[in-house]
There are 2 protein chains.
Amino acid sequence: MNISESLRNSSAGPKNLRGAELDDTDRLILRLLQDDAKLPNNAIAAAAGIAASTCHARIRSLQERGIIRGYHADVDPAAVGRGLQALISIRLQAHARANLTRFEEYLAELPAVEGIFFVTGDRDFLIHVAVPDSAALRELVASNLSVRPEVAGTSTAVLFDYVRPGTVRPED
Amino acid sequence: MNISESLRNSSAGPKNLRGAELDDTDRLILRLLQDDAKLPNNAIAAAAGIAASTCHARIRSLQERGIIRGYHADVDPAAVGRGLQALISIRLQAHARANLTRFEEYLAELPAVEGIFFVTGDRDFLIHVAVPDSAALRELVASNLSVRPEVAGTSTAVLFDYVRPGTVRPED
DNA sequence: TTTGAAAATTAGATACT
DNA sequence: AGTATCTAATTTTCAAA
């Protein structure tokens, strides 16, 4: 982002960055689909006050532009034998920045990893994990994280809850 | 769960806790639907090697048992004018534990909040937020968090990336 | 872009093994 | 639990405005 863009974006104007170009109808569609991806197209169309075919075309456009990245079932981790969640803060070795992408890919492959947060500034990040029990958590840290040469140290915080609020409301 | 069930579940056997009772077919269905909630039932059935009607019944059962909690579109926050993400650590006042639920509900209503992590032990937690820009982030912390009486202090870390790996793989 | 209407595909329900 | 078959609902395409 260059300086003029930066200045423009920091102004009070309502426009988005990145050729997004969403109108109110798009935003309504996004809100509804985030809430329930199974909502039939004709129901969305009715809610938006447009024809079903128009709604269909808009949704496809949102997908093609990468605004809708996909649709996913939300599965209760506890119900599939992952009743324990934790946040693990990982401090990286100072020299490990170069291979950061490789390490990220490694983390993303671990079945327990639900989310990876890359923090700016520091050489560390956070991972959100879901495991069967505390033994598995210990095992994960010891055998999959601490042993990696990139890792300088870890710090684990057990969660007693994780909540994802309804929607990423466009604007507001 | 009675004692004999508990003992059975805690053994090395493949069974899960909490009347989950998932077999390999269920796990495959969960994996596929987490990956792509739009996958048609007959495609899932074919992948699982069962009849479409059987697959349909299994999916419904997974929903009714709360194992599948819902289906959601994944919307790119940057595309809807929320190009800046951050993790905010919130330390609560010692006496604020009683009203924790109320405060949680307050947080969940904030449009910027994407996820709330309740950390055990300490009287604090983390929220994952997505906002338009750094001005909005400052405003969020100043006007929506710091002013709350429950909040003893906050600490903000800007993210340069957040990744949700494909699936919550059942077992592995 | 939007629309209505056809065509193709899918979901949901039922009865039966 | 699983399957086959039927019907309703939904998605998808498309010519036209």
Side-chain angles (χ1 to χ4, degrees), chain A residues 14-16 18-76 79-81 170-171, chain B residues 5 8-9 13-76 79-81 167 170-171:
Chain A
K15 278 286 156 282
N16 286 329
R18 290 192 19 182
E21 297 294 337
L22 301 177
D23 63 14
D24 289 340
T25 301
D26 289 318
R27 283 187 276 268
L28 175 59
I29 290 170
L30 289 176
R31 195 165 331 149
L32 293 173
L33 283 177
Q34 277 181 102
D35 208 44
D36 179 9
K38 291 293 190 191
L39 241 177
N41 178 67
N42 59 26
I44 301 171
I50 57 178
S53 52
T54 308
C55 188
H56 188 260
R58 278 186 182 253
I59 291 172
R60 175 159 45 197
S61 168
L62 289 166
Q63 290 167 170
E64 285 167 353
R65 286 186 281 167
I67 294 167
I68 294 175
R69 294 187 286 205
Y71 303 91
H72 306 284
D74 173 24
V75 173
D76 180 5
V80 293
E171 60 169 356
Chain B
E5 282 170 340
R8 180 151 39 79
N9 286 330
K15 281 285 157 282
N16 285 329
L17 28 76
R18 287 189 25 176
E21 294 294 339
L22 300 177
D23 62 16
D24 288 340
T25 301
D26 289 318
R27 283 187 276 267
L28 175 58
I29 290 170
L30 289 176
R31 195 166 331 150
L32 293 173
L33 283 177
Q34 277 181 101
D35 209 44
D36 179 8
K38 292 291 190 192
L39 243 177
N41 178 68
N42 59 25
I44 300 170
I50 56 179
S53 51
T54 308
C55 189
H56 189 262
R58 276 186 183 255
I59 292 172
R60 174 161 45 197
S61 168
L62 289 167
Q63 291 168 168
E64 285 168 353
R65 285 185 283 166
I67 294 166
I68 295 176
R69 294 187 286 204
Y71 303 90
H72 305 284
D74 173 24
V75 173
D76 180 5
V80 293
T167 325
E171 58 167 358

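Proteins come first, then strands; the chains are lettered A, B, ... in the order of their sequence lines, and each starts at number 1.
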Nearest-angstrom distance from the residue atom [atom1] of [X] to [atom2] of [N]:
X	N	atom1	atom2	value
A:Tyr71	D:dT11	OH	C1'	12 Å
A:Arg60	C:dT3	CZ	P	15 Å
A:Asp23	C:dT1	CG	C1'	11 Å
A:Arg58	D:dT11	CZ	C1'	18 Å
B:Leu62	C:dG12	CG	P	14 Å
B:Ile59	C:dG12	CD1	C1'	12 Å
A:His56	D:dT12	NE2	C1'	5 Å
A:Asp26	C:dT1	CG	P	11 Å

Checklist entry - So, A:Arg58 and A:Asp23, do they make that salt bridge, N to O below 4.0 Å? => result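 A salt bridge links A:Arg58 with A:Asp23.
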Item to check | Taking every non-hydrogen atom, the tightest pair across A:Ile68 and B:Ala73 | outcome: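 Closest approach of A:Ile68 to B:Ala73: CG2-CB, 4.4 Å.
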Checklist entry - If you take all heavy atoms of B:Cys55 and B:Ile29, which pair is closest and at what distance? => result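 That closest heavy-atom pairing would be SG-CD1, 4.2 Å.
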Item to check | Interface residues of residues 37-52 of chain B with DNA chain C (non-hydrogen, below 4.0 angstrom) | outcome: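 Here the set is B:Pro40, B:Asn41, B:Asn42.
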Checklist entry - Taking the side chain of B:Ser53 as heavy atoms from C-beta outward, which of D:dA4, D:dG2, C:dT3 is closest to it? => result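 Nearest to the side-chain atoms of B:Ser53, counting from C-beta on, is D:dA4.
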Checklist entry - Checking B:Asn41 side chain against B:Ala52 main chain: does a donor-acceptor pair fall under 3.5 Å? => result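 At least one qualifying donor-acceptor pair exists.
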Checklist entry - Counting N and O atoms only, with roles assigned by atom type, does the side chain of A:Asp74 sit under 3.5 Å from a partner on the main chain of B:Gly70, one being a donor and the other an acceptor? => result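 Checking the backbone N and O of B:Gly70 against the side chain of A:Asp74, no donor-acceptor pair under 3.5 Å is found.
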Checklist entry - Between B:Thr54 and D:dT3, is there a side-chain N or O to OP1/OP2 distance below 4.0 Å? => result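 Yes, B:Thr54 has a side-chain N/O under 4.0 Å of OP1/OP2 on D:dT3.
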Checklist entry - Are A:Leu22 and A:Leu62 side-chain neighbours, meaning at least one heavy-atom pair lies under 4.5 Å? => result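 In contact.
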